[in-house]
Amino acid sequence: GAVVSQHPSWVICKSGTSVKIECRSLDFQATTMFWYRQFPKQSLMLMATSNEGSKATYEQGVEKDKFLINHASLTLSTLTVTSAHPEDSSFYICSAGDLSSGNTIYFGEGSWLTVV
Amino acid sequence: GENVEQHPSTLSVQEGDSAVIKCTYSDSASNYFPWYKQELGKGPQLIIDIRSNVGEKKDQRIAVTLNKTAKHFSLHITETQPEDSAVYFCAASKKGSNYQLIWGAGTKLIIKP
């Protein structure tokens, strides 16, 4: 199947700093990418939908100024966690829609963020 | 809006036996139903999907069935193996929804040796 690469796979940062996570579709073009957050033993929680060339659409309760999303090309979206706090520690996962296969969605491997 | 319910939340089966996970959805306009397998600490992996124009799809030991009238779909895993142990999520989406998936709560599948 199609490949979505997410980087870094894990990161530790200090409180107050910002962290950027990249999501790349390696072998297809993705007009739409999604960012999720997942807490232990829970399902995926959609944070925002990112469309190439336009502003991201955030889910209710997700601070857009804290979780900055940029989708500058058909193969790359980035999530920046600004002024990170320990409560932002979580597993962040991106996914991408493959235009050529209808609405099939492929996921990245996820990024573990620990804020100390 | 769409709501997807998934059962059971935990399923334990003996190695070699079959496992069945069921999902129901509420929006009759939904037309795409993927299943994902998520291993601990990893992103979900698409294992099989079905679109509303077919009733069943099979890929080796994995099959998915869809009943549009009843609005439910199921994942069937035959001849289960230890590496099948994971959390499985069902999802639904529809045309025009910008690919957005509505997720089930997940099923933790445990394969007993």
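Chain letters run A, B, ... following the sequence lines, proteins first, then strands; residues in each count from 1.
Two different hydrophobic clusters hold A:Tyr36 and B:Ile102 under the rule that ILVMFWY side chains link at heavy-atom gaps under 4.5 Å. Clustering ILVMFWY residues whenever any of their side-chain heavy atoms sit less than 4.5 angstrom apart, transitively, puts A:Val4 in the very cluster that holds B:Tyr36. B:Leu40 and A:Met45 are not part of a single hydrophobic cluster, where members link through side-chain heavy atoms under 4.5 Å apart. Under the 4.5 Å side-chain heavy-atom criterion for ILVMFWY residues, a single connected hydrophobic cluster contains both B:Val87 and B:Leu101. Side-chain heavy atoms closer than 4.5 Å link hydrophobic residues (I, L, V, M, F, W, Y) into clusters, and following such links, possibly through other members, connects A:Phe91 to A:Trp10.
Separating the CD atom in B:Gln100 from the OG atom in A:Ser95 is a distance of 10.0 Å, to the nearest 0.5 Å.
Of the atoms belonging to B:Gln38, it is side-chain heavy atoms, and not backbone ones, that fall under 4.5 Å from chain A. For A:Trp112, the part lying under 4.5 angstrom from a heavy atom of chain B is the side chain only. With a threshold of 4.5 angstrom between heavy atoms, A:Gln6 does not approach chain B through any atom at all. For a residue to count as touching a neighbouring chain, one of its non-hydrogen atoms must lie under 4.5 Å from one of that chain's; by this rule A:Ile93 touches chain B with the side chain only. For B:Pro44, the parts lying under 4.5 angstrom from a heavy atom of chain A are both the backbone and the side chain.
In terms of heavy atoms, A:Ser43 sits closest to B:Gly104 at OG-O, 3.1 Å. Taking every heavy atom of both residues into account, A:Gln38 and B:Phe89 meet most closely at NE2-CZ, 3.9 Å.
Within a 6.0 Å sphere centred on CD of B:Glu79, other residues, nucleotides and ligands contribute 12 heavy atoms or fewer. Applying the 6.0 Å contact sphere to NZ of B:Lys58 captures no more than 12 heavy atoms from other residues, nucleotides or ligands. Residue A:Glu87 places its CD atom among more than 12 non-hydrogen atoms of other residues, nucleotides or ligands, all under 6.0 Å distant.
Side-chain contact between B:Arg51 and A:Thr104: present, with at least one pair of heavy atoms (C-beta onward) separated by less than 4.5 Å. Looking at heavy atoms from C-beta onward, B:Leu46 lies out of side-chain contact with A:Phe107 at the 4.5 angstrom threshold.
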- [ ] Under the side chain to side chain contact (heavy atoms under 4.5 Å, CB included) rule, what do A:Leu46 and B:Trp103 come out as? Steps first, then yes or no, please.
- [x] CA-CA 10 Å; A:Leu46 179 65; B:Trp103 294 88; over 6 Å; no
